[in-house]
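Contents: one structure, followed by commentary.
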Amino acid sequence: MLITFEGLDYSGKSTQVRLLSDRLTLQDHHVIILREPGGTEIGEKIRKMLLDRTNTEMSEASELFLFSASRSQLIQEVVLPALEGGMVVLCDRYYDSTTAYQGYGRGIELDVIQTMNRYATGGLVPDLTFFLDIPIREIEKRISAAKTNKDRMESSGMEFYERVREGYLQIAKNESRYRIINGLQPIDDMHELIYQQVTEALSTKR
Ligand code: TYD
């Protein structure tokens with residue numbers, strides 16, 4: 001089973017992925033956690049290029065190709081073998097990130113994005129996708145509280161994030177695999193909601 005987590009930067013996805021993984025592992029599920037971009041040797045090199053703040057000249061098309069290249073590598077090297085082995089694959093971002101960030105955020109035509117996504121993934125669609133939704137003003141707060149240097153993507157500005165969030169909400173409307181989770185809730189409450197949905201999905205898949 002392939003479960004993906006989507007949301008804006010600082011939405012708390014990684015914490016939820018970890019909590020879910022720990023709980024499923026305790027119940028003897030074989031779980032693997034992946035993150036995008038990255039997760040393979042080639043993918044991690046691509047990740048560095050994508051997030052490097054000094055790469056100010058990167059074109060929108062290059063950005064799209066690089067995210068897609070990292071994804072293609074991950075699917076081929078890790079995701080497909082894991083799914084064939086019956087594992088539960090938890091992915092911190094997947095192709096909806098490309099639709100939301102490069103499509104809605106940067107403004108690349110959505111049919112180009114869709115073709116690219118399909119090609120990079122070989123048509124592998126998640127069974128379930130959680131969108132952790134937080135308002136833009138909360139992201140602003142979290143970014144300034146983090147006090148780390150913004151990476152290249154995080155330097156795109158709050159209007160960019162607003163478009164990305166609208167993009168996610170649009171995708172969620174069209175995809176029945178989507179579950180929107182209010183990201184302002186306490187961490188444990190979010191986890192409980194996510195866990196229940198996953199348990200239900202795992203039992204119907206059997
Ligand atoms: P990362 O540090 O992994 O952020 P997060 O913890 O929020 O996932 O950085 C990934 C960045 O790349 C993030 O800003 C989202 C962006 N991104 C895209 O723009 N398109 C994509 O297809 C993917 C996978 C990520």
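Not measured: the values here are computed from a predicted model. For this chain, numbers begin at 1 and follow the sequence in order. Indexing begins at 1, ligand by ligand and atom by atom, following the structure's order.
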Open item on the list: To check you understand the geometry: which heavy-atom pair defines the closest contact between Ile139 and Asp9, and what is its length?
Closed with: CG2-O, 3.9 Å
Open item on the list: Salt bridge or not between Glu138 and Arg142? Use side-chain N to carboxylate O under 4.0 Å.
Closed with: yes
Open item on the list: Contact between ligand 1 and Arg93 is defined here as a heavy atom of the residue under 4.0 Å from a ligand atom; is it met?
Closed with: yes
Open item on the list: Would you say Val31 ends up clustered with Ile3 if hydrophobic residues are merged whenever their side chains have heavy atoms under 4.5 Å apart, either directly or through other cluster members?
Closed with: yes
Task: Heavy-atom nearest neighbour in the protein, as seen from atom 22 (O) of ligand 1, with distance rounded to 0.1 Å - done: Thr98 OG1, 2.6 Å
TODO: Considering heavy atoms of the protein only, find what lies nearest to atom 6 (O) of ligand 1 and give residue, atom and distance to 0.1 Å.
DONE: Lys13 NZ, 3.9 Å
Open item on the list: Check this for me: does any side-chain nitrogen of one of Glu36 and Arg47 sit under 4.0 Å from a carboxylate oxygen of the other?
Closed with: no
- [ ] For Ser97, counting its heavy atoms only, list the atoms of ligand 1 lying under 4.0 Å from any of them.
- [x] 20 (N), 21 (C), 22 (O), 23 (C), 24 (C)
Task: Protein contact of atom 10 (C) of ligand 1 - nearest heavy atom, named by residue and atom, plus distance - done: Pro37 CD, 3.9 Å
Open item on the list: Would Arg23 and Tyr195 count as a cation-pi pair here, with the cationic atom under 6.0 angstrom from the ring centre and within 45° of the axis?
Closed with: yes
Task: Geometric N/O contact Asp9 with ligand 1, under 3.5 angstrom - done: yes
TODO: Under 4.0 Å, heavy atoms only, figure out whether ligand 1 is touched by the backbone of Arg71, its side chain, both or neither.
DONE: side chain
TODO: Report, as yes or no, whether the 6.0 Å neighbourhood of atom CD on Glu41 holds more than 12 heavy atoms from other residues, nucleotides or ligands.
DONE: no
Open item on the list: Tell me the protein heavy atom at minimum distance from atom 25 (C) of ligand 1, and give that distance in Å.
Closed with: Phe67 CE2, 3.3 Å
- [ ] Among all protein heavy atoms, pick the one closest to atom 2 (O) of ligand 1 and tell me residue, atom and distance.
- [x] Arg47 NH2, 3.1 Å
Open item on the list: If we check salt bridge (Lys or Arg N to Asp or Glu O under 4.0 Å) with Asp96, which of these qualifies: Arg71, Arg177, Lys13?
Closed with: Arg177
Task: Min heavy-atom dist Gln102 to ligand 1 below 4.0 Å - done: yes
